[in-house]
2 protein chains.
Amino acid sequence: MVRSDARENRARILAAAREAFTEDGDTSMNQIAQRAGVGPGTLYRNYPNREALILDIYQEEIDKLADTVTALLEAQTPLEALRLWTLDLVDAMRKKHGLGGALSATAHASITERSYGPVITAITHLLDAGKQNNTIRPDAEPADFLQLTGALWRAAPDRTEPILTLILDGLSSHSTR
Amino acid sequence: MVRSDARENRARILAAAREAFTEDGDTSMNQIAQRAGVGPGTLYRNYPNREALILDIYQEEIDKLADTVTALLEAQTPLEALRLWTLDLVDAMRKKHGLGGALSATAHASITERSYGPVITAITHLLDAGKQNNTIRPDAEPADFLQLTGALWRAAPDRTEPILTLILDGLSSHSTR
DNA sequence: TGCGCAAGCGGAGAGGTCTCCGTTAACTTC
DNA sequence: GAAGTTAACGGAGACCTCTCCGCTTGCGCA
């Protein structure tokens with residue numbers, strides 16, 4: 001049984017956080033708590049850390065992005081679909097403040113699963129499509145790819161495409177091995 | 001003209017930081033300042049932030065690592081030399097606390113140049129050797145490679161080699177451009 | 001309708017990075 | 001040597017993330 005005030009507080013926190021992040025881009029947890037009219041303690045009971053909150057804020061966008069995979073795979077070759085999708089992912093990571101760090105954080109607790117899961121699933125589908133038609137090496141691992149994606153997001157924007165090309169070439173099965 | 005107490009303080013800070021990091025592994029800036037017998041203000045005048053200090057602590061190791069390139073290139077093929085050297089780099093990043101983050105931080109101010117430079121030079125040599133004998137694509141950029149290296153260090157240790165293989169395959173010139 | 005009791009609250013505070021600025025003391029000049 | 005200049009000092013404190021715990025209050029039950 002969830003107490004009504006608890007449910008309401010959680011909603012208020014999420015709303016406040018959404019506002020704060022879209023307005024300021026960067027906001028402290030304390031400010032969010034204040035804006036939501038709760039104490040820091042309450043904020044942290046709902047979200048064990050900054051990343052968890054950020055992930056929840058952008059959950060919808062993450063899901064939406066993951067959902068585009070099917071359409072992409074219908075219209076493009078697997079490799080090109082992967083390229084386009086990754087560009088979108090990196091774009092989201094850059095625009096949504098802190099999302100990049102949250103997604104590529106190494107500590108993937110069970111809480112992160114909600115956000116991490118769809119992304120991994122999306123990548124898995126993309127890679128599988130490529131493996132099927134032999135354009136992507138069979139030993140390619142989704143989690144490894146996501147890891148590499150972090151480098152993309154951290155790099156200067158004008159280096160994104162060159163580096164992605166490099167990564168995709170490494171994934172291609174026409175490499176020896 | 002550098003005041004004598006200033007010179008001495010800088011030395012004491014570096015010594016204290018080295019001790020603190022090899023002992024505890026993780027230490028706060030305040031603790032280091034205290035250990036060195038100076039105020040936080042003095043610490044931060046010498047090192048504008050945490051990364052700068054860490055970089056200075058491990059400068060010698062960085063230089064040493066950069067110096068191994070020549071020998072490696074004499075004994076190995078360029079691609080294998082690059083592989084071995086990168087493994088060493090990642091190992092250092094993992095062992096020296098915070099070095100990974102400091103090296104792959106995007107904000108490369110002039111202070112970072114002292115540490116960043118040798119690493120880039122080393123990578124440049126390795127890549128150039130490969131370009132020379134046509135095993136590495138001619139458009140490979142040292143800075144891009146260093147960026148990708150960050151993903152290596154952040155990944156789980158047992159994923160290091162697989163991911164590195166991927167990266168190196170991407171760099172190889174037998175990929176279609 | 002009233003009571004008991006977790007579940008939930010929120011703020012004080014620990015410990016962090018880094019800054020600002022009034023004070024101190026190392027060098028220069030006479 | 002004494003005095004003046006100014007670079008360097010260092011600590012108070014702003015602001016951060018996150019925790020701990022005494023107090024409050026919503027809810028099930030009589």
Side-chain angles (χ1 to χ4, degrees), chain A residues 1-17 20-21 23-57 97-112, chain B residues 1-17 20-21 23-57 97-112:
Chain A
M1 187 64 227
V2 180
R3 254 166 66 167
S4 62
D5 56 342
R7 195 176 342 105
E8 204 182 296
N9 273 335
R10 192 175 218 280
R12 262 223 305 287
I13 288 171
L14 190 57
F21 269 103
E23 273 177 29
D24 305 9
D26 192 13
T27 322
S28 78
M29 297 296 267
N30 278 346
Q31 278 173 51
I32 292 171
Q34 198 162 17
R35 189 168 191 146
V38 303
T42 300
L43 205 180
Y44 277 93
R45 195 162 343 86
N46 279 283
Y47 298 99
N49 51 47
R50 203 166 213 285
E51 278 87 52
L53 175 57
I54 289 176
L55 251 19
D56 201 16
I57 293 177
H97 188 94
L99 181 58
L103 262 184
S104 59
T106 333
H108 295 302
S110 54
I111 306 131
T112 335
Chain B
M1 187 68 226
V2 180
R3 253 166 65 167
S4 62
D5 56 341
R7 197 177 338 108
E8 203 181 296
N9 273 335
R10 192 176 219 280
R12 261 222 307 286
I13 288 171
L14 190 57
F21 270 102
E23 273 176 29
D24 304 9
D26 193 12
T27 321
S28 78
M29 296 297 267
N30 278 346
Q31 278 172 51
I32 292 171
Q34 199 162 17
R35 189 170 190 144
V38 304
T42 300
L43 204 180
Y44 277 93
R45 196 161 342 87
N46 280 282
Y47 298 99
N49 50 48
R50 202 164 212 286
E51 278 88 51
L53 176 57
I54 290 176
L55 250 20
D56 200 17
I57 294 176
H97 187 95
L99 182 58
L103 260 186
S104 60
T106 332
H108 294 302
S110 53
I111 308 131
T112 335

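It should be emphasised that the depicted structure is a prediction, and the values quoted were computed from it without experimental measurement. Residue numbers start from 1 in every chain, and the chains themselves are labelled A, B, ... in the order their sequence lines are given, proteins ahead of strands. All heavy atoms count here, side chains included; hydrogens, waters and symmetry mates do not.
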Could you tell me the separation between the NE2 atom of A/His97 and the OG1 atom of A/Thr27, rounded to the nearest 0.5 Å?
8.0 Å
Round to the nearest Å and state the distance from A/Asn49 atom CG to D/dC18 atom C1'.
9 Å
Residues that B/Arg50 engages under side chain to side chain donor-acceptor pair (under 3.5 Å), provided they are two or more places apart
none
Atom pairs and distances, side-chain donor-acceptor, residues 4-14 of chain B, under 3.5 Å, sequence neighbours left out:
from	atom 1	to	atom 2	distance (Å)
B/Asp5	OD1	B/Arg3	NE	3.3
B/Asp5	OD2	B/Arg3	NH2	3.0
B/Glu8	OE2	B/Arg12	NH1	3.3
B/Asn9	OD1	B/Arg12	NH2	3.0
B/Asn9	ND2	B/Asp5	O	3.3
B/Arg10	NE	B/Asn46	OD1	3.3
B/Arg10	NH1	B/Tyr47	OH	3.1
B/Arg10	NH1	B/Asp56	OD2	3.4
B/Arg12	NE	B/Ala36	O	2.8

Axis-to-axis angle across the helix from C/dT1-D/dA30 to C/dC30-D/dG1, five pairs each end, nearest 10 degrees, ~ 10°
Could you tell me from which nucleotide to which nucleotide of DNA chain C, 5' to 3', there is an atom under 4.0 Å from chain A heavy atoms?
C/dA7 to C/dG11
Report each atom pair, protein N/O against N/O of nucleotides 12-16 of chain D, whose distance is under 3.5 angstrom.
from	atom 1	to	atom 2	distance (Å)
D/dC16	OP1	A/Gln31	NE2	3.1

Could you tell me the separation between the CZ atom of B/Arg7 and the P atom of D/dA8, rounded to a whole number of Å?
11 Å
Gap between atoms CD and P, on A/Gln34 and D/dT17 respectively (whole Å):
13 Å
Counting only side-chain nitrogens and oxygens, does A/Tyr44 get under 4.0 Å of the OP1 or OP2 atom of D/dC18?
yes
Between B/Ile54 and B/Phe21, which heavy-atom pair has the shortest distance, and what is it?
CG1-CZ, 4.1 Å
Between B/Ser4 and B/Arg45, whichever has its closest DNA chain C nucleotide further toward 5' is B/Arg45
Restricting both atoms to N or O, compile the protein contacts to nucleotides 2-7 of chain D shorter than 3.5 Å, with distance only.
from	atom 1	to	atom 2	distance (Å)
D/dA7	N3	B/Arg3	NH1	2.5

Can you see which heavy atom on B/Gln31 is nearest to which on B/Asp24, and at what distance?
OE1-OD2, 4.2 Å
Within this structure, what is the CD-to-P distance between A/Glu8 and D/dT25, rounded to whole angstrom?
14 Å
